[in-house]
Amino acid sequence: MRTVLFIAALLRRAAEGLLAFLAWIGEEPINGYRPEAHYMRGPGPAWRAKHRGR
């Protein structure tokens, strides 16, 4: 009987730990890859002004 209670308590603590971990994971925002944030669109106005005479 003691062994059954011990195993039940151990499983309960493991489940609580797993649920706490999953709740912590759920709090973190998932930042997806946004290609437009990394897309290079070519030289900007400063580069054009510097290389205009060449």
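With sequence neighbours excluded, no residue satisfies side chain to side chain contact (heavy atoms under 4.5 Å, CB included) with A46. Residues satisfying the side chain to side chain contact (heavy atoms under 4.5 Å, CB included) test with I7, not counting sequence neighbours, are T3, L11.
Between F21 and W24, the ring planes lie tilted relative to each other; the angle falls in the 30° to 60° range.
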